[in-house]
Amino acid sequence: MKVCFVTFRSITYAQRGQEVLSRAGINAAMTRTPRPLAEKGCGYSLKVPGEKREQAKALLRSNAVTYSKLYCPDPMGNLEEVP
Amino acid sequence: MIYFDHGATSFPKPLGVRKAVEEAMRRFTNPGRGGYAASMDAAQGVYRCRQEAAQLFHCLPEQVAFTMNCTHGLNMAIRTLVHPGERVVISGFEHNAVTRPLHHLSARVEVAGRKLFSPEDTLEDFERILRTAPRAAIFTHQSNVFGYILPVKELAELCRRYEVPFIVDAAQSAGSLEIDFEALGADFIAMPGHKGLQGPMGTGLLLCGRLPEPLMQGGTGSMSQSPQMPDFLPDRAEPGTVNVPGIWGLHAGLQWVRRRGVKRIGEHEGKMAQFAARELEKLGFRVFRGEHQGGVVSFLPEKGDCEEWAERLGKRGFCLRAGLHCAPLAHESGGTLQTGTIRLSCGPDTTENQLRMLLRQMPMCFSEKQDFLHNSPCHGKKNPL
């Protein structure tokens, strides 16, 4: 199963994001942001099932949860930023 | 011991609060730093406290910044809004937590509303000064000396009308008076975690309507490569390790307050204070009481120094605070700067029975054999009379 990473500047935003997604039935585990994805240092991410990424983005935006970027695996399995 | 100093800190703390502190010391490591279970659990505990506070005060969790106490929050808020030499308006009942930072900034302070228990006077005086566009307005929700409840909703409306940023000091009101952060439109509301919110000492909350200017810089677990503090909440206001056991205890305190009900707590404390005020008057004390009063009553004896009274009551197991209560401005407004007052501050579990026990002891503090020594340096020595 493809897993995408939604990165956040603040753990608090990640936590609120997790709450928002969980209410919508999307299980998003929180994890430390992998180093290659971390902008300007450390942070936390939510791991979102690939097929739920668009729904997750919409939910975060409509609930004013600020996230940094969304990364999903390309066909080779490398994480790349997606709009 | 019968405790009537809830204005200083709530005591005893609910059992759930004490257990929560112990649990945090046993289970939680540093939140927002590691990715392993104990760190993530700690982070979740901290977030749950933010959520609980956000629900109680009608704001977003990220608008809740943890502080060491209310004073810490007020300093951050004041330093954000007020620059050296700028003009501000404050109420006549402010604590040193407001006046000292302003003094340090050499702010030009205008005091509005000096009449006790008079919202009309407070509002009229504030509006007169707000029209002149001061840099900021700062006012307490409830006086820690006299229990006077200021008309914060109306003051907030005036500030919004005249577009003056404002800070509310909720030190004595958080947990006993309704506070709706969103409706008030405040720039900041500061409160201690350890008074009406029943949490441990060493905790506080600053509700932020805008980005605060940090008092300290340091690690936040975020944007680590940037030499600057993050430009987002709550990280900007929380450098270093937060007081995790305190915050988890505060979470339990907030839950306790929510279950008991803020309105119910406030009504009870007010009722107890009014009962005490009436009975103290019957005993011949000069009591400061009025219509707009919360769970705090200040009073003065006919004879003797207020500190001696508090000491004698303390020896009999009754805990009251005497003196200036770190609020000389309030005493100036109330006309008690020379004498100070004895302060009785009620809590959610203060009972009429406890108050009756105190009242019965009052005349015994004033027996012939141990007359008060007025202005005497002979404290502890035999009465020469």
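Scope of the values below: all heavy atoms of this structure, side chains included, with no hydrogens, waters or symmetry mates. Reminder, nothing fancy here: chain letters follow the sequence lines and each chain counts from 1. Bear in mind that the values here come from a model prediction, so they are computed numbers and not experimental data.
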- Task: Check each atom of A:F8 against the heavy atoms of chain B and say whether the ones under 4.5 Å are side chain, backbone, both or neither.
- Result: neither

- Note on the structure: Given B:P230, B:G32, B:S39, B:P31, the one with more heavy-atom pairs under 4.5 angstrom with chain A than any other is B:G32

- Can you see which heavy atom on B:V257 is nearest to which on B:G196, and at what distance? CG2-O, 3.4 Å

- B:C208 versus B:L206: any side-chain heavy-atom pair under 4.5 Å? yes

- Task: Output the option from A:R32, A:Q15, A:M30 having the highest count of non-hydrogen pairs under 4.5 Å with chain B.
- Result: A:Q15

- Is any side-chain heavy atom of B:L177 closer than 4.5 Å to a side-chain heavy atom of B:H141? yes

- Query: What part of B:Q44 is in contact with chain A, defined as an atom under 4.5 angstrom from a non-hydrogen atom: side chain, backbone, both or neither?
  - Reply: both

- Item | Approximate separation, where rounding is to 0.5 Å, of B:I78 CD1 and B:T80 OG1 | 9.5 Å

- Query: Ring centroid separation for B:F166 and B:F139, is it under 6.0 angstrom?
  - Reply: yes

- Query: So what's closer than 4.5 Å to chain B heavy atoms on A:T12: side chain, backbone, both or neither?
  - Reply: both

- Task: Would you mind checking if B:K19 and B:E23 are paired as a salt bridge, meaning a charged N to carboxylate O distance below 4.0 Å?
- Result: no

- Query: Hey, which of B:M40, B:Q51, B:R50, B:E62 has the most heavy atom pairs under 4.5 Å with chain A?
  - Reply: B:E62

- Can you say whether B:L60 sits under 4.5 Å from chain A via the side chain, the backbone, both, or neither, judging by heavy atoms? side chain

